[in-house]
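Remarks on the structure that follows.
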2 protein chains.
Amino acid sequence: MSDDEQRGRGAASVHRVGGLLGDLQAADDQPVAPRRRADAERNRAQILAAAEQLFAQQDPRTVTMDRIAKAAGVGRATLYRSFPDPSSVAVALLDEHERRLQGQLIYGPPPLGPGAPAGERLAAFYLAMLDLLERHLPLALGAETGPARFRTGAYGFWRVHVRTLLVDHGIQDPDPLIDIALSPLSPELYQFQRHELGLSTERVGRSLADFARQLLRSGE
Amino acid sequence: MSDDEQRGRGAASVHRVGGLLGDLQAADDQPVAPRRRADAERNRAQILAAAEQLFAQQDPRTVTMDRIAKAAGVGRATLYRSFPDPSSVAVALLDEHERRLQGQLIYGPPPLGPGAPAGERLAAFYLAMLDLLERHLPLALGAETGPARFRTGAYGFWRVHVRTLLVDHGIQDPDPLIDIALSPLSPELYQFQRHELGLSTERVGRSLADFARQLLRSGE
DNA sequence: ATGGCAAACGGACAAGGTGTCCACTTAGCC
DNA sequence: GGCTAAGTGGACACCTTGTCCGTTTGCCAT
């Protein structure tokens, strides 16, 4: 899993939107890629490690490129070579954690993987995402600034998954519903529910699971 | 309606969270308030007018205090006297438009106002909000930066309304569901659906209305 | 009507962030 | 072991942010 960090630069996560599934088990051989130099690799690792600290320590929305570079002990231009802005660093860090869940959704056992009714799968997906949010909220919040989370490769993956569930369930016009169904997973929203309203993870999770089952009810 | 602009400074919308309903028909007499000077009033109007232009012209997330001040023809400190940041200017502008809908939700005819089943009222609310978003998307996007939209007085109002509907319908634990039910109305999300995915207002609206009815189905 | 005073104004300032550029360093291949 | 290009990091010019403070101006009492 830590090997995954080496796959592509920060900006690459944007390109992943096209080849979502194929990317899951992509071999580590680089077809024509000019190969990364060892010092660049080392710097990238330092940057990611330092950034993870920073996002956890302070308000994730206030983390700057300048701060990350200083914390990682590299120059500003070196940082810019790998990432265009702070949120793309957070996206790269999140990617690693999200990839495990992505695999479970496709190949794992039900109800997360195939085999369960759509409503149950959606409920399980919500709970898994909630767990991810709970454990990596600072990163999720940091990833949201800028062009927002809708353009990340991960979001594209969730869209494909939810669309499958909606179609499975026989929804007439699934496309506008996809993002509606994903909207309760907004990091900002979760942060508000947990730390402003003081709701427990369990309470939010129960509501979300009920919500999923109600949305994709068998007795349509 | 244009008289409403004079009620309180920008920061005041934050305080509204407490007295949501009473504020709806608050008389214009100021109990102990020290009274606003005429030149301050004039400047405030100039600021709001200039800001509305700016938010519509460029990416609402890139509007700065500096730009607003220059466009309004006032000094920076004058602007800061009324508003702490650009998003609060957008909030103040939005407030005016939202207040009409707030009145309709309480006193208006069904299905927006009281009298219709909860599912129908939620569907009508969604459609009305969508209409608001469609007409004032730049402002809505501009209002989202910073501490996010969850802290605005308007959001507090929507929460109260939706909670009423959920309780009416007999939902067990309504509180975590409130913000889940409101999440599809995120301006960022609507912008993505409309201008990135190219979905029509009608299609999104139909999905949202179906979604509302499914969520609060009579045959619970 | 006029003079005093507090509210309001707006330019200026220091601090800090952003991208980019370019001279230097260094890894990797011949 | 030297060549070459990728990689590095400090510096630069520009912009934004809040705040401070000397000046102006509306409002009220006289």
Side-chain angles (χ1 to χ4, degrees), chain A residues 5-6 8-12 14 29-30 32-51 54-55 57-90 142 145-147, chain B residues 5-6 8-12 14 29-30 32-51 54-55 57-90 142 145-147:
Chain A
E5 283 179 356
Q6 309 179 359
R9 14 178 60 186
V14 173
D29 48 21
Q30 53 295 332
V32 200
R35 179 81 169 285
R36 189 84 54 76
R37 247 171 60 170
D39 51 351
E41 208 67 71
R42 183 166 18 91
N43 276 331
R44 185 187 160 84
Q46 281 177 21
I47 288 169
L48 287 175
L54 275 185
F55 279 113
Q57 280 167 12
Q58 53 180 284
D59 179 353
R61 282 170 291 267
T62 68
V63 172
T64 75
M65 290 296 264
D66 198 60
R67 203 78 80 180
I68 296 176
K70 276 191 175 58
V74 303
R76 301 173 42 67
T78 303
L79 176 55
Y80 272 102
R81 170 172 285 271
S82 292
F83 303 97
D85 51 54
S87 77
S88 69
V89 183
T145 64
Chain B
E5 284 179 357
Q6 307 179 359
R9 18 177 62 186
V14 172
D29 49 20
Q30 55 295 330
V32 199
R35 179 82 169 285
R36 189 83 54 76
R37 254 171 56 170
D39 51 351
E41 209 67 69
R42 181 165 19 89
N43 275 332
R44 185 187 161 82
Q46 281 177 20
I47 288 170
L48 287 175
L54 276 185
F55 279 114
Q57 281 167 10
Q58 53 181 282
D59 178 354
R61 281 169 293 266
T62 68
V63 173
T64 76
M65 291 296 263
D66 197 61
R67 203 78 79 182
I68 296 176
K70 277 192 173 58
V74 304
R76 301 173 42 65
T78 303
L79 176 56
Y80 273 101
R81 170 172 288 272
S82 292
F83 302 97
D85 51 53
S87 76
S88 69
V89 182
T145 65

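Predicted, not measured: the structure shown is a model, and the values here were computed from it. First the proteins, then the strands, lettered A, B, ... as listed; each starts at 1.
Put simply, CD1 on A:Ile68 is 15 Å from C1' on C:dG19, counting in whole angstrom units. Rounded to whole Å, atom P of C:dG10 lies 11 Å from atom CZ of B:Arg81. Between the CD atom of A:Gln46 and the C1' atom of D:dG9 there is a distance of 13 Å, rounded to whole Å. For the pair B:Met65 CE and C:dG10 P, the computed distance is 14 Å after rounding to whole Å. One can place CG of A:Asp66 at 13 Å from P of D:dA11, the figure rounded to the nearest angstrom. Here the P atom of nucleotide D:dT17 and the OH atom of B:Tyr80 are 5 Å apart, to the nearest Å. Look at NZ on B:Lys70: it is 10 Å from P on D:dC15, rounded to the nearest Å. The CZ atom of A:Arg67 sits 8 Å away from the P atom of C:dG16 (whole-angstrom rounding).
Relative to the side chain of B:Arg42, the nucleotides D:dT17, D:dG26, D:dG7 differ in distance, and D:dG26 lies closest. Nearest nucleotide to the B:Ala77 side chain, out of C:dG11, D:dT17, D:dG10: C:dG11.
The side chain of B:Thr78 contributes an N or O atom lying less than 4.0 Å from OP1 or OP2 of C:dG10. Under 4.0 angstrom from either OP1 or OP2 of C:dC9 there lies at least one side-chain N or O belonging to B:Asn43. The side chain of A:Arg76 contributes no N or O atom lying less than 4.0 Å from OP1 or OP2 of D:dG9.
For B:Ser82 (side chain) and B:Leu79 (main-chain N/O), no donor-acceptor pair under 3.5 Å exists by modelled atom type.
Atom CG of residue B:Asn43 and atom CZ of residue B:Arg81 lie 10.5 Å apart, to the nearest 0.5 angstrom. Between atom CD of residue B:Glu41 and atom CD of residue B:Gln46 there is a gap of 12.0 Å, rounded to the nearest 0.5 Å.
Defined by atom type and a distance below 3.5 Å, a donor-acceptor pair is present between the side-chain atoms of A:Ser87 and A:Asp85.
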